[in-house]
Number of protein chains: 4
Amino acid sequence: MKNNKPKYNQIIEAAVKVIAANGYHGSQVSKIAKAAGVADGTIYLYFKNKEDVLVSVFEEKMGQFIEKIAESTSKKQNAEEKLRTLIEMHFSQLSADYDLAIVTQLELRQSNYALRLQINKVLKPYLKEIDSIVKEGMEEKLFRSDLNVRLVRQMIFGTLDEIVTNWVMKEQKYDLISQVPEVHALLTGALSSAR
Amino acid sequence: MKNNKPKYNQIIEAAVKVIAANGYHGSQVSKIAKAAGVADGTIYLYFKNKEDVLVSVFEEKMGQFIEKIAESTSKKQNAEEKLRTLIEMHFSQLSADYDLAIVTQLELRQSNYALRLQINKVLKPYLKEIDSIVKEGMEEKLFRSDLNVRLVRQMIFGTLDEIVTNWVMKEQKYDLISQVPEVHALLTGALSSAR
Amino acid sequence: MKNNKPKYNQIIEAAVKVIAANGYHGSQVSKIAKAAGVADGTIYLYFKNKEDVLVSVFEEKMGQFIEKIAESTSKKQNAEEKLRTLIEMHFSQLSADYDLAIVTQLELRQSNYALRLQINKVLKPYLKEIDSIVKEGMEEKLFRSDLNVRLVRQMIFGTLDEIVTNWVMKEQKYDLISQVPEVHALLTGALSSAR
Amino acid sequence: MKNNKPKYNQIIEAAVKVIAANGYHGSQVSKIAKAAGVADGTIYLYFKNKEDVLVSVFEEKMGQFIEKIAESTSKKQNAEEKLRTLIEMHFSQLSADYDLAIVTQLELRQSNYALRLQINKVLKPYLKEIDSIVKEGMEEKLFRSDLNVRLVRQMIFGTLDEIVTNWVMKEQKYDLISQVPEVHALLTGALSSAR
DNA sequence: GATGAATGAGGCTTCATTCAT
DNA sequence: AATGAATGAAGCCTCATTCAT
């Protein structure tokens with residue numbers, strides 16, 4: 001797919017860099033085109049409009065992001081390990097690509113309501129993944145059996161998201177990955193059936 | 001105070017309504033002025049510019065929001081009760097003013113980086129309030145003594161914020177306040193020293 | 001007259017200072033009012049509108065300017081002396097009041113066509129004064145008898161005006177009054193019947 | 001050059017016409033664009049902002065104006081002839097393009113201080129040209145050897161400028177070119193070494 | 001497929017002037 | 001006579017999108 005549409009990927013990569021460097025409102029189509037080494041009009045051969053570029057950035061990047069997390073968690077044996085892996089992968093991937101972290105945590109959130117709905121659609125599989133880990137944990141009796149899955153998912157995602165956003169805004173002045181054990185302990189503590 | 005600056009408050013109230021109805025990007029100064037029943041230019045007698053109106057909306061509304069929470073929690077005897085009250089007040093206040101919920105959870109987040117920094121400044125006291133509840137709980141031995149206060153605060157705020165945002169985006173199709181006990185159970189479970 | 005309308009004169013004096021300090025476009029009515037120690041609305045009790053303030057500044061200041069020149073030249077015996085006195089007075093008065101020089105040479109020229117026509121009207125008596133000196137010089141046979149009075153007046157006024165404007169724009173880095181003899185020599189050279 | 005930048009020149013020409021017809025303050029960008037037969041935004045492909053359009057009008061037009069004068073004077077043998085040619089060219093060029101005369105003599109002078117400084121920069125070569133004629137005349141002993149070149153230049157430019165401005169304001173009710181001999185006589189009279 | 005010059009709608013802000021007190 | 005809060009018209013500029021080449 002990448003080799004089939006080299007321009008498409010050039011534009012996606014350029015968009016991430018340009019948005020990370022200039023912010024959402026400073027990322028004009030012409031700037032992205034220039035960074036991608038194509039003409040302005042070429043963008044419109046591969047994308048319906050500017051919003052489509054941004055949605056696609058999110059789709060491509062978060063698609064990979066989520067895929068890798070799912071892949072890693074699937075290798076783990078129980079819900080607690082899967083949750084730890086999910087946190088680890090969430091933090092490590094965004095740690096490894098700071099441009100992407102800026103774009104997903106700060107810049108794309110400045111988009112309008114329509115784009116935000118699209119973004120939510122892209123996140124769906126990630127949220128489903130969290131849901132199934134929670135359900136699995138309940139079945140495994142690792143987690144309390146009376147958990148409200150939706151609320152737990154919102155807690156988990158809200159917590160991770162808030163932590164990463166703070167880390168990005170603090171300009172990564174501390175290490176994100178080293179927080180994994182504590183975060184894992186907090187979240188399993190909330191869910192745990194052990195008392 | 002309200003009677004001292006009637007126009008100022010008219011404009012703030014109008015801004016909330018207009019932004020809730022039209023979205024951040026659909027809220028032109030002229031629309032806010034019209035809704036407030038004043039001339040466009042009058043806005044600039046009370047605010048430096050459009051951004052200042054938006055910051056002030058957040059300051060005024062979140063100021064009251066936070067103040068009421070602090071007031072209520074201060075009447076409670078221990079950290080667990082304080083946390084429950086904080087959750088209760090957070091949910092009930094936004095439940096009671098759906099326009100405000102739309103504005104704070106969805107629309108004002110579309111603002112530029114500068115405005116977002118201002119918003120963070122306004123939120124500071126709320127985050128401090130959470131911190132002191134956590135610390136109090138640790139002193140009271142209700143919470144584990146080895147908690148990382150920053151992480152816990154990010155978990156609590158991230159969780160509440162994500163829950164409310166989802167509720168707003170789902171167009172309040174379910175009741176927010178009835179979720180308080182479960183959310184409180186989850187969070188205290190995460191923090192609790194009891195095992 | 002000054003004692004009869006103290007506010008009127010306060011406003012005129014304030015206008016000169018404000019325009020000299022802030023430039024034509026930086027001199028809002030409210031700034032002039034503040035400098036004069038009156039309310040904005042008070043300006044409109046003494047002047048028809050802002051343009052009327054500016055015209056009046058010019059009228060009052062240039063009225064005095066011209067009057068003093070006429071007074072001084074009238075004491076001189078012949079056209080050559082009168083011309084020297086006119087140059088001397090023109091330069092010395094503007095040298096003595098740098099604010100006024102800025103206002104008349106630079107700032108008020110940025111006004112619109114209508115105001116400029118008013119300004120020309122105010123200058124009329126000065127131009128007439130020049131005319132009569134030229135005519136007197138011709139009668140006295142000091143000047144050539146075939147002079148085109150209009151052209152000569154334009155030469156004299158254009159020369160003095162250009163010299164003062166340059167001096168103001170150079171921020172009075174040299175002395176204006178010491179140029180009088182040379183300027184007088186040039187102009188009388190142009191007019192002189194002696195060959 | 002004209003064919004290389006057709007839009008650029010269309011806009012310059014349109015600006016002269018629009019300013020001559022509507023005055024400096026009545027010349028909105030949209031009016032200039034319409035007169036040039038381009039979209040408003042097109043202006044900004046060729047000019048940084050509105051001020052840049054006006055500066056460019058002056059640069060282009062006065063550039064040609066000055067070049068033609070320099071070209072003509074260079075063919076003359078002595079300073080007196082050069083001065084006559086300079087006056088002739090100054091008057092004839094502005095006579096031939098009344099729109100340009102209105103723009104340079106009346107409208108562009110209403111511009112702000114920044115634009116005026118730019119205008120002065122453009123005029124520099126013209127003033128230098130005058131200076132060198134004066135110096136040449138002194139070397140040729142046609143002019144007095146003790147002339148203050150700066151003052152003489154200010155006299156010459158101030159005189160010509162005042163004459164043209166009056167002619168424009170009088171709506172060209174008389175012929176400008178026929179005044180050349182008299183003006184030349186006056187100015188050479190001022191400078192002449194013959195006594 | 002690729003280009004990039006051209007388009008044109010849309011909104012924040014200033015400030016001279018008014019008028020109720 | 002004096003105030004000053006309120007008015008509201010008016011214009012520069014950006015930038016997503018198109019389309020002739």
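Throughout, a chain's letter reflects where its sequence line sits, starting with A, and its residues are numbered from 1.
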Checking E:dT17, E:dG11, E:dG1 against the side chain of A:L45 (C-beta onward), the nearest is E:dG1

Would you call D:R109 and D:T104 a side-chain contact if the rule is heavy atoms closer than 4.5 Å? no

Measure from NZ on C:K31 to P on E:dT17 and round the result to the nearest Å. 17 Å

Identified stems (criterion: three or more consecutive Watson-Crick or G-U pairs, under 3.5 Å), DNA chain F: E:2-21 with F:2-21

Ignoring the backbone of C:Y44, work out which of E:dA16, F:dA5, F:dT17 is nearest its side chain. E:dA16

Should the ring pair B:Y8 and B:F47 be called parallel, tilted or perpendicular, given that the plane angle runs from 0 to 90° and is split at 30 and 60? parallel

For D:V29, report the nucleic acid contact type (base, sugar-phosphate, nothing); a contact means any heavy atom under 4.0 Å. sugar-phosphate

Look at B:T42 and F:dA6 and indicate whether a side-chain polar atom (N or O) is within less than 4.0 Å of OP1 or OP2. no

Counting side-chain heavy atoms from C-beta on, which of E:dA9, E:dA6, E:dG4 comes nearest to A:A39? E:dG4

Distance check needed: E:dT18 P versus C:N49 CG, whole Å only. 9 Å

Is D:Y24 close to D:L115 at the side-chain level, that is, under 4.5 Å between some pair of heavy atoms? yes

To the nearest 0.5 Å, what is the distance between CG on C:L94 and CD1 on C:I102? 11.0 Å

Assert: residue with more 5' nearest nucleotide on DNA chain F, out of A:S27 and D:K50, is D:K50

D:D40 or B:K48, whichever maps to the more 5' nucleotide of DNA chain E: D:D40

Any side-chain N or O of D:K7 below 4.0 angstrom from OP1/OP2 of E:dA5? no

In whole angstroms, how far is the C1' atom of E:dT17 from the CD1 atom of C:I32? 14 Å

Rounding to 0.5 Å, atoms CD (D:Q10) and OH (D:Y46) come to a distance of 8.5 Å

Distance in angstrom units between D:Y24 OH and F:dC12 C1', rounded: 13 Å

A:E51 CD to F:dT17 C1': how many Å, rounded? 14 Å

Charged N to carboxylate O under 4.0 angstrom, A:K61 versus A:E13? yes

Can you tell which of F:dC12, E:dT7, F:dC13 lies closest to the side chain of D:Q28? F:dC12

Identify whether the distance between the nearest side-chain nitrogen and carboxylate oxygen of C:K31 and C:D40 falls below 4.0 Å. no

Nearest 0.5 angstrom please: A:E51 CD to A:Q118 CD, how far? 7.0 Å

Taking CG from D:N22 and P from F:dG11, how many angstroms apart are they, rounded to a whole number? 11 Å

Just how far, in rounded Å, is C1' of F:dA5 from CD1 of B:I11? 12 Å

Any idea which of E:dT7, E:dA5, F:dC15 is nearest the D:Y46 side chain? E:dA5

Along DNA chain F (nearest heavy atom to each residue), the more 5'-positioned of D:G41 and C:G41: C:G41

Output the rounded distance in Å from CG (B:L54) to P (E:dT13). 10 Å

